[in-house]
Amino acid sequence: MSGAIQWGVTAPRLLDPPTDDDYNRTEQLKQFLDKSHLSMDLTDLSKRQNILKELYEVVKTCVKDIVSEKYQLTEAPHVSVLTFGSYQLGVHIPSDDLEIVCFGPPLVECQDFFKALHGALGKNGIFVEVESLHKEKSLYGSSRKKEENPELKALENEKAIEFKHSPADFVKFKQQGISVVLTYAIISGVPLENLNILKDDGLLYHVDEANFPGLDRCRVSALIRFLVPRIENFQVVLRYINFWARKRGLYSNVTGYLRGVHWAVLVARMCQVYPEATPSVLAMKFFKIYSQWYWPSPVMLYEIIMKPDLPFDVWDAPNKLDDFSHLMPIISPAYPAWNLSACVSESTRRVMNEEFIRGNEICKKIKLGEANWSDLCEPLEFFKLYNLYLQFDIRAKNLEDLKLWKVAVEPLWRKLIIKIEAHGDCIMKCHLCPTEYAYDDAEHHSVIFVGIKREKTVVSGLMVSIPLPVDNRLVNVFNNEVNARKEPGMDLVFSQFRISRMPDSVKQLVFGSGVSQDA
């Protein structure tokens, strides 16, 4: 143990050398990835590499044209184009976005850059969509104090915590059949040629809060790669865990679950703790460890560093009430450390914990030869799990209004879920559907479903489970809050149905065409 290299915040746990069974199960895992088209696609990789080369040249031209026209400069300043997300981690599949950040000088403002990029790409027949991600709202709660629910208290006070690490404006387009998401960030006072975001912490002194998210995302992805002992093992396991999470309805941060960077940190931590383990052992340890994890103890890849001379907030649960109340902290490895998973709620954490337990039980069977890796990834059949479902229909007259309205009402329907679970003397469990649906009609129309389960209780001496409808008093309060926020053309309609009486419109939406999944 004394001679082992430490990866991360704790010493590694030494295991016996890998056995033939470990290698065999690893080979079976890799075969499953190949069969499921989850291994590295070399054609797709080549396309992405070409896109990056082409975009770099386009970006250089855009910057040169802007400074020439606006400032009459003949020599263009340097720019840097970097990636983050699945491509940077080496786990991308053909359907994944290619996520890019372009770093430019203060002379080139965001609006001017996107305008020039729009024109340059348009000349090549590429349609560019400019979007803005509104500051995400996150709900905070704690299971430490049973006498009160900070999450509900914050919502009742209409206090929604805003991420300071929300993305800036970005553009989306398709090139060579691959979806590209490109963000622009300004860094001043440092040479942008051959930008080294991993080693140069001094960059943080040259970026403001508005431009910080792009730099942070690139640094996080690069650091995750840097902090794992065997990158190939990490990539095999992460590809599998991402697939499992998608199939089991856990891959969506919009609805309080997790996405790529969260799963990457969780997998990376297992690689740090068991640096000599094979991918099959790492996958099994993943489910065993997280099924027993004592949340809200944080998962961290690197020690948290404080830099008082920089203006960024750092996650500090012992001294900050908001951080203390986080339910499932997964901490960013880059400075400033922050909780990547602040959107997790009581109900979504419970669902994920149940899936970790399920995964651990199946892994035990895999080890005994009684199950396969595919068994873990059986698709979640959400509409076969419960007898009672809630439905939230979010409507607006156009797409932009729908985005604004969804942000405005998310705290309301989340608060209703919390109240349902806490209401009365019965124990109600809510399961937020990980898929966000959209009706294909004249309206811009988004639909969210919640499954309701009433824990077993004693009725006339018998242990039974009865799916009761939601109390009308809660519904009335909810409707009043919605009406107070509504603007012309916007609406949020709440309804509930038993699975035996599922409306035909919902059947068509869920089981027919016109389904859009947030994944």
Side-chain angles (χ1 to χ4, degrees), residues 52 55-85 87-88 99-117 132-133 135 162-171 181-227 261 301-316 331-340:
L52 285 169
L55 278 177
Y56 180 62
E57 295 302 321
V58 170
V59 164
K60 285 199 303 182
T61 301
C62 289
V63 169
K64 181 179 179 181
D65 291 345
I66 291 170
V67 298
S68 174
E69 179 180 340
K70 198 168 183 178
Y71 304 103
Q72 290 75 52
L73 297 178
T74 56
E75 186 175 346
H78 290 295
V79 295
S80 189
V81 174
L82 301 177
T83 62
F84 64 93
Y87 179 81
Q88 172 61 234
E99 297 167 305
I100 300 171
V101 180
C102 174
F103 296 96
L107 287 175
V108 181
E109 296 179 353
C110 184
Q111 242 180 346
D112 294 334
F113 174 78
F114 281 142
K115 183 178 179 181
L117 183 66
S132 177
L133 287 183
K135 287 188 176 180
E162 292 185 344
F163 281 129
K164 292 187 177 180
H165 306 282
S166 56
D169 289 339
F170 64 94
V171 295
V181 179
L182 189 147
T183 304
Y184 181 73
I186 295 172
I187 297 181
S188 62
V190 294
L192 295 177
E193 189 178 18
N194 301 320
L195 191 65
N196 191 328
I197 60 169
L198 191 58
K199 294 183 179 180
D200 189 3
D201 281 344
L203 290 173
L204 297 168
Y205 294 89
H206 299 278
V207 62
D208 60 20
E209 194 169 2
N211 291 284
F212 172 79
L215 177 62
D216 185 61
R217 285 187 163 195
C218 293
R219 282 168 56 84
V220 168
S221 295
L223 264 174
I224 291 173
R225 286 193 64 131
F226 180 75
L227 292 171
V261 66
L301 301 181
Y302 197 70
E303 63 182 8
I304 294 176
I305 298 173
M306 300 292 180
K307 295 190 177 187
D309 55 333
L310 285 171
F312 303 108
D313 286 337
V314 177
W315 191 81
D316 186 10
I331 307 304
S332 161
Y335 176 87
W338 58 291
N339 181 14
L340 299 165

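Since this is a predicted model, take the numbers as computed values, not measurements.
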Measuring from atom [atom1] of [X] to atom [atom2] of [Y], what distance do you get when rounded to the nearest 0.5 angstrom?
X	Y	atom1	atom2	answer
Ile100	Tyr87	CD1	OH	9.0 Å
Leu227	Arg225	CG	CZ	12.0 Å
Ile187	Phe103	CD1	CZ	5.0 Å
Leu215	Thr183	CG	OG1	12.0 Å
Cys218	Ile197	SG	CD1	5.0 Å

Using side-chain heavy atoms (C-beta onward) and a distance below 4.5 Å, is Leu192 in contact with Pro105?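 Yes, their side chains come closer than 4.5 Å.
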Is any side-chain heavy atom of Tyr184 less than 4.5 Å from a side-chain heavy atom of Val171?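 No; the side chains remain at least 4.5 Å from each other.
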Is it true that, when you exclude Lys64 itself, more than 12 heavy atoms of the residues, nucleotides or ligands shown sit nearer than 6.0 Å to its NZ?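 It does not: Lys64 NZ has 12 such atoms or fewer within range.
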So with a 6.0 Å cut-off around CD of Glu75, is the heavy-atom count from everything else above 12?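 No, the 6.0 Å shell around CD holds no more than 12 heavy atoms from other groups.
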If the condition is side chain to side chain contact (heavy atoms under 4.5 Å, CB included), which residues does [X] pass it with, not counting sequence neighbours?
X	value
Val314	Ile304, Met306, Tyr335, Pro336, Ala337
Asp65	Thr61
Ala334	Asp216, Arg219, Val220, Leu223, Ser332

Closest contact, heavy atoms only, [X] versus [Y]:
X	Y	answer
Leu182	Cys102	CD2-CB, 4.3 Å
Gly85	Glu99	CA-OE1, 3.4 Å
Gly214	Val101	O-CG2, 3.7 Å
Leu204	Phe212	CD2-CE1, 3.9 Å

Between Phe84 and Val261, is the side-chain contact (heavy atoms from CB on, under 4.5 Å) condition met? List the steps. CA-CA 10 Å; Phe84 64 93; Val261 66; over 6 Å; no
Check side chain to side chain donor-acceptor pair (under 3.5 Å) between Thr83 and all other residues, then give those that pass, not counting sequence neighbours.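 Result, side chain to side chain donor-acceptor pair (under 3.5 Å) vs Thr83: Gln88.
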Qualifying residues under side chain to side chain donor-acceptor pair (under 3.5 Å), relative to Glu303, sequence neighbours excluded: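 Residues passing side chain to side chain donor-acceptor pair (under 3.5 Å) with Glu303: none at all.
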If you look only at distance, which donor and acceptor atoms sit under 3.5 Å apart when one is on a side chain in residues 106-116 and the other is two or more places apart or in another chain?
unit_1 : atom_1 : unit_2 : atom_2 : d
Asp112 : OD2    : Lys70  : NZ     : 2.7

Trp338 and Asp313: side-chain contact (heavy atoms from CB on, under 4.5 Å), yes or no, with the steps? CA-CA 8 Å; Trp338 58 291; Asp313 286 337; over 6 Å; no
Please lay out, stage by stage, how Ile331 and Leu340 fare under the test side-chain contact (heavy atoms from CB on, under 4.5 Å). CA-CA 6 Å; Ile331 307 304; Leu340 299 165; over 6 Å; no
